[in-house]
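Before any comments, here is the structure.
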Amino acid sequence: MNDLANILLVDDKQENLVALRAILEPLGQNLILARSGEEALRRLLVHDVTVILLDVQMPELDGFETAGLIRQREKTRAIPIIFLTAISKEEHHVFRGYSAGAVDYLLKPFDPEILRSKVSVFIELHRKNVELQRRAELVRERELAAARRESEHRYRALADAMPQIVWTAGPDGKATYYNRRWYEYTGLEPGPPQGDEWISVVHPDDLQRTLALRRGTLASGEVFEIEYRFRALDGSYRWHLGRAVPLRNNTGEIEFWVGTATEIDAQKRTEQAQDFLLRTGEVLAGSLDYRRTLQSVARLAVPEIADWCAVDLVEGDGSINSLALTHADPAKVTFARELRERYPPNPDVDEGAVRVIRSGKSELVREITDEMLEAAAVDELHLDLIGELGLRSYMCVPLAVRDEVLGAITFVGAESGRRFDENDLRLAEELARRAATAIDNARLYRQAEERAQAARVLAAIGDGVVLLDADGVVRLWNAAAEAITGIRREEVLARRAPDVWPGFANALPRVPVGSSGVPVPADSVPVDAGGRELWLSVSGVEFEGGTVYAFRDLTEERALEQMRQDLVATVSHELRTPLAAIYGSALTLRRTDLELEEAMREKLLEVIAEESSRLADIVNDLLLVSQLDAGKLHVRIEHCDARELVQGVIESARTHLPEGITVRLEEPVGKLEPVAADEDQLRQVIANILDNSIKYSPDGGDVRVTLLPTDRYLRFVIADRGLGIPPAEQARIFEKFYRLDPDMTRGIGGTGLGLYICRELVRRFDGRIWVEPNDGRGSVFFVEIPFAYAGEPVVPPRAPSFSARQR
Ligand code: ADP
């Protein structure tokens, strides 16, 4: 309310208004003039008026009507009105004026003094009102201030009661208030805030980005929101979500900031733990080299979840080996290692990782106390050195899988001030569980690999390996066993040995068997395999699941051995006979007491010459066989005239035909195409067969040689009427050293090499040789040699030439 009173003067006549103003001006108030009732009403809309001087006689709205309207409005109803009139003081007139709300009635012309004093009353009243209002306002303001103080007090009490940290700061960001929780949490001395004390408790790693964000939001006025760590009274850092909003005044300027910091350490750690486990999980799953993997995990753990991380593993011999020791500062690792070397842990004292490995139980020490360090230290110096590491908190978890403790992981909190709690221990245990599983998987994988390798080896080795379980059921049958026996795995696996291979089951009682892990020398036993006699060198080893038999096929070696024995028997006999004849003849010739006739001398010399030639033949045959076996015989394929060749052989045979034997050649009429063969070698083949025909016809008979051209071959047929060959032996007579009558009951000697040589030579000419029984008596030998075609190239020499036996 204004100190000056507004006085509204209403009169339709300008001179009256001028007069009124002149009268009232000395009062020093605010005079508002109006020339009509309407104008008066308009003025009242904009001014607070203290008193109205209202002319009664006005055109349009007269004074009474105007007063009536003023009374109708709430805001103006109480304004005192003094009517001014020139009309006589008639009673009804005056009455009308009062009923219209007049407080006074002045008749024109009026005494200026009276008018002034009447108006003054209202001015005085206005002043009093103004004064009263001012006082009331003052009182209200005081009350308001008290109330504000009260509410601030309440807000602070509320803020103090909150579990969160609450603070306020000025527009410059300096703190103006911290709640009780702040002081409780940080341990800072309560007192009027300096403004920047919070900086000292923010984690150094979080400070830079916090300050940067603060600068930004102070400038922009945007909400400040950040995750940072505050150091607690116990020195540990815990994650908080900080948030501050600006409070603005009417003009929109920032008056102050209200901030809160809510502890989110548990969530944050869970998040970090999940993240950490995820990353270590990737590392653990990434490789089968679990030693390297665990080293990587130890590196990941630092400094994320600990300041130090160590991994100890139990080795195959039971010793405990430090696999990894990590810290963000390599110099510290070196220092710790040196410390450990200088003060090695006492193996008799169960402590640290050793105790955890032995017990399989995790350990957590939230706060490493001086007493603990003293107990661990050997002497003062050691204590000082340990002190340098600044160890504060410790936990150790076993790497356990399937009841076995493979090692332990140790985490230590040091310079970061971190203190481990149950949550950290759970994370460490989870990590250890995953790491142990990874180790276990790697080991299982390696075992499986080794087994697979063993299986591959078993499949690849040349010895037959068969596993029979306690019931004699075949559980393993390797590739060599298949090859040796000709019995496939599918046919024998999961079946009883006597059912699938009775020959082997029958032979088992003669097989030497060693007890678990102790092999015994193998023994050679004959085993029947589907009608075939196999000589196996077998031994067995018993183990919990049954018996493993390993065997080697010696059938061939045995046959060779047999052959060697045959060779010794026949060859020695074959050598002895001519040698005896030569020796006898020579002795006779040397005798002086005997006068030998010339004819006798000739005869003896002839014996020596013939028997020497026989010896040479035997030796030549042996040499030829060894050449054939070694694949070193040189064969020179050329065009041979078979007719001429056969005629030559027969002629030379006829020179010493025994009695009762005749040899006939039945050659085809007309020209014979040449055959492709080594001429000398082919001659030896035909001569050998012809010799045999004569030799094995002790009772004489006709030997017929026939040349029979077929479409691509020339067939040599040599038929005798001699001893014949039983059908079962027809194939075997071509084997090395094989003789039908090894004991020479018929007195017919031989080495058993001739037909073998024949077969081998014919094979080299791409020909064929076989025998059939002759009609009724004797045998027929067939040799087929391909015709040589004109222009066909001659095979070049492959090996040094060997001179075959000639007749
Ligand atoms: P050898 O005659 O030196 O014993 P061979 O290899 O020439 O050796 O012959 C092998 C065996 O075949 C002989 O020992 C003999 O028993 C048999 N044989 C070969 N030719 C005849 C034949 N024409 N008639 C009967 N038996 C024969």
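Please read all numbers here as calculations on a predicted model, not as lab measurements. Order of listing sets the numbers, starting from 1, for every ligand and every atom in it.
- One finds a salt bridge joining R683 and E679 here, because a Lys/Arg side-chain nitrogen approaches an Asp/Glu carboxylate oxygen to under 4.0 Å.
- Under the 6.0 Å distance and 45° angle rule, R558 counts as a cation-pi partner of W535.
- The pair R402-D440 meets the salt-bridge criterion, since a charged nitrogen lies less than 4.0 angstrom from a carboxylate oxygen.
- Any N or O atom pair closer than 3.5 Å counts here, and L755 shares at least one such pair with ligand 1.
- A salt bridge links R704 with E666: the distance from a Lys NZ or Arg NE/NH1/NH2 to an Asp or Glu carboxylate oxygen falls below 4.0 Å.
- In this structure, R721 does not pair ionically with D699, as no charged nitrogen and carboxylate oxygen lie closer than 4.0 Å.
- Every N/O-N/O distance between D741 and ligand 1 stays at or above 3.5 Å.
- Counting the atoms of ligand 1 from 1 in the order shown, those under 4.0 Å from a heavy atom of N692 are 2 (O), 5 (P), 7 (O), 9 (O), 19 (C), 20 (N), 23 (N).
- Residue G722 places every heavy atom at 4.0 Å or more from ligand 1.
- Of all atoms in ligand 1, listed by their number and element, those nearer than 4.0 Å to a heavy atom of S779 are 24 (N).
- In summary, the atoms of ligand 1 found under 4.0 Å from a heavy atom of Y738, numbered by their order in the structure, are 10 (C), 11 (C).
- Contact atoms of ligand 1 toward K695: 1 (P), 2 (O), 3 (O) (distance under 4.0 Å to a heavy atom of the residue).
- Of all the heavy atoms of F734, none lies under 4.0 Å from any atom of ligand 1, so neither backbone nor side chain is involved.
- Checking D691, L740, N774 against atom 16 (O) of ligand 1, the nearest heavy atom belongs to L740.
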